[in-house]
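Worksheet for the structure shown next.
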Number of protein chains: 2
Amino acid sequence: MTKPAHLTTTSQPIYDSLRDEILSGAIRPGEPLRQDEIAKRHGISKIPVREALLKLEADGFVLFRKNRGAMVRELSAAELLHLMDIRVALECKALELAIPNMIQSDFDVMHALLKQYAEVETVEHWSSMNQSFHNALYEPCGNAQLLDMIRDIQQRMGPALRLLMTEASGLDRPNEEHHAILSACESGDVTGAVDLLRAHIETSKKETAARLRRRDTV
Amino acid sequence: MTKPAHLTTTSQPIYDSLRDEILSGAIRPGEPLRQDEIAKRHGISKIPVREALLKLEADGFVLFRKNRGAMVRELSAAELLHLMDIRVALECKALELAIPNMIQSDFDVMHALLKQYAEVETVEHWSSMNQSFHNALYEPCGNAQLLDMIRDIQQRMGPALRLLMTEASGLDRPNEEHHAILSACESGDVTGAVDLLRAHIETSKKETAARLRRRDTV
DNA sequence: ATGCTACAAATAGTATACGAATTAGAAGAA
DNA sequence: TTCTTCTAATTCGTATACTATTTGTAGCAT
């Protein structure tokens, strides 16, 4: 999904570069992506640029309009919350499948990740730590396609969430919940862990919704 | 996902045509897709053909290999079963979200669909009926992105399942389960309906797995 | 001054062309 | 005969070039 980039070397760096710029917010939602300009900037022709943009469209990052090229896609508040519902479905299923496959080294990795939470400073760092822990939870599920979809969804939410997180209240609540989920996994309690994870994501969703409401009314 | 085809008119018909040929089995898994040949056949240049192929790659229907072009992607048995797990997750979530939004006209549509089951003859017809009923179940969920993903998964499984279904034993079991699910929806029993749906898809998965095993050992 | 038309600039989309890589086949050696 | 190696023919990937659509601007009329 995200990975099997067609290996045609020329468009791959363009794709990566544009994707990073969108995810980091360097290119703002709604901003048009000029093919000639990008091509010139990278010293190549438009063709690989178009291919990179098409791939970004397939990933949901940009939007094409007939004869008007590509623009960075803006996620509406509703779409963001809808993606959260999809996260609940996919991530709970992944965890359910993963727990029976977990071995000690998996738990070790996750504990190590949780320890590092104390030292996070920037929002970006926290966000990537968070993603790492969640991915570590799901990784043993053995379903590569499911893992791909989860990564896709997380990334699609990225730019929008990054903005909201700047006004995030506390990091303690998610941290505690992560520990609880990990404990349930270690005791092999599948339904318990899944219920905790579901509640974890649902709470995030509600907080996000609240922040969105607040921002929209301001 | 599937729909927001970039509206550049030239590659759209190519995409549709190739997609149909793959879904219908006219182009077999593993078969290479020659860009020049397709371009000549449609009287256009390679560029829109490549764009169509890249879109098909993003949808998971074809696979690109460096300097060797695109070939129709073959789903392994394991991948097929993995997609079934994803179906369970996504479709159960969609149904859960849909039931509170269902109104009488939704139920009417679903009953009408189930009545038509008696008259199906070909495997293709049954398959499309089946998909229609499932989609009708999820449609009221109000989450367009989720519906898109469900359609995507169903289509990706299409070609592989079509083959297996030819040796399908009975159509009665799924039909009865569909009635049971619909009843639960009508009485507003969310968890009951979702449990029935989960069992319904899980059973399909097990039957598919059994058929795959049988075929592989033969 | 404001709104409309006509023209010019910019930008997207696609055809053509070409270099690079792969594949196929033929010729020669073991 | 069978395996290697070299050459020829495909086929891919991308640069260049051209057309068409869109956007911006100036001039005109109201």
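No experiment lies behind these values; they were computed from the predicted model shown. The sequence lines fix the lettering, A, B, ..., with proteins before strands; numbering per chain opens at 1.
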Ranking D:dT14, D:dG13, C:dT14 by distance to the side chain of A:Ser45, first place goes to D:dT14
Of the listed C:dT11, C:dT14, D:dT22, the closest approach to the A:Lys46 side chain comes from C:dT14
Rounded to whole Å, CD of B:Glu51 lies from P of C:dT14 at a distance of 6 Å
Rounded to whole Å, the CZ-P distance (A:Arg65 to C:dT11) equals 16 Å
Ignoring hydrogens and angles, write down the donor-acceptor pairs under 3.5 Å from the side chains of residues 108-116 of chain A, residues two or more places apart or on other chains.
unit_1: A:Asp108; atom_1: OD1; unit_2: A:Gln104; atom_2: NE2; d: 3.1
unit_1: A:His111; atom_1: NE2; unit_2: A:Glu186; atom_2: OE1; d: 3.3
unit_1: A:His111; atom_1: NE2; unit_2: A:Glu186; atom_2: OE2; d: 3.0

A:Leu53 CG to C:dT11 C1', in whole Å, measures 13 Å
Separation of C:dT22 atom C1' from B:Phe64 atom CZ, nearest Å, is 16 Å
Note: for A:Ala70 and A:Ile47 on DNA chain C, the residue whose nearest nucleotide lies more 5' is A:Ala70
*Which part of the nucleic acid does A:Leu33 contact within heavy-atom distance under 4.0 Å: base, sugar-phosphate only, or nothing?*
sugar-phosphate
Discussion item. Whether A:Glu37 and A:Arg41 form a salt bridge (side-chain N of Lys/Arg under 4.0 Å from carboxylate O of Asp/Glu) is what I want to check.
Written reply: yes
**Request:** Compare side-chain N and O positions of A:Thr10 against OP1 and OP2 of D:dT14 and report whether any pair is under 4.0 Å apart.
**Result:** yes
From the list A:Met129, A:Glu91, A:Arg151, side chain to side chain contact (heavy atoms under 4.5 Å, CB included) with A:His134 holds only for A:Glu91
To the nearest angstrom, the CG-C1' distance between A:Asn67 and D:dT19 comes to 11 Å
In whole angstroms, the gap separating P of D:dT22 from CD of A:Gln35 amounts to 15 Å
Looking at B:Arg68, does any N or O in its side chain come under 4.0 Å of the phosphate oxygens OP1/OP2 on D:dT11? no
Between A:Asp85 and A:Lys205, is there a salt bridge with N-O shorter than 4.0 Å?
yes
Handout entry: Distance-only donor-acceptor test, A:Lys66 side-chain atoms vs C:dG13 base atoms, 3.5 Å
Key = no
* Asked: Counting just side-chain N and O atoms, does A:Arg34 come under 4.0 Å of either OP1 or OP2 of C:dA10?
  -> no
Here the distance between atom P of C:dA15 and atom CG of B:Asp36, to the nearest Å, is 13 Å
message = Does this structure show an ion pair linking B:Arg198 with B:Glu202, if we count only N-O contacts that are shorter than 4.0 Å?
response = no
When rounded to whole Å, the CD to C1' distance for the pair B:Glu37 and D:dC12 reads 15 Å
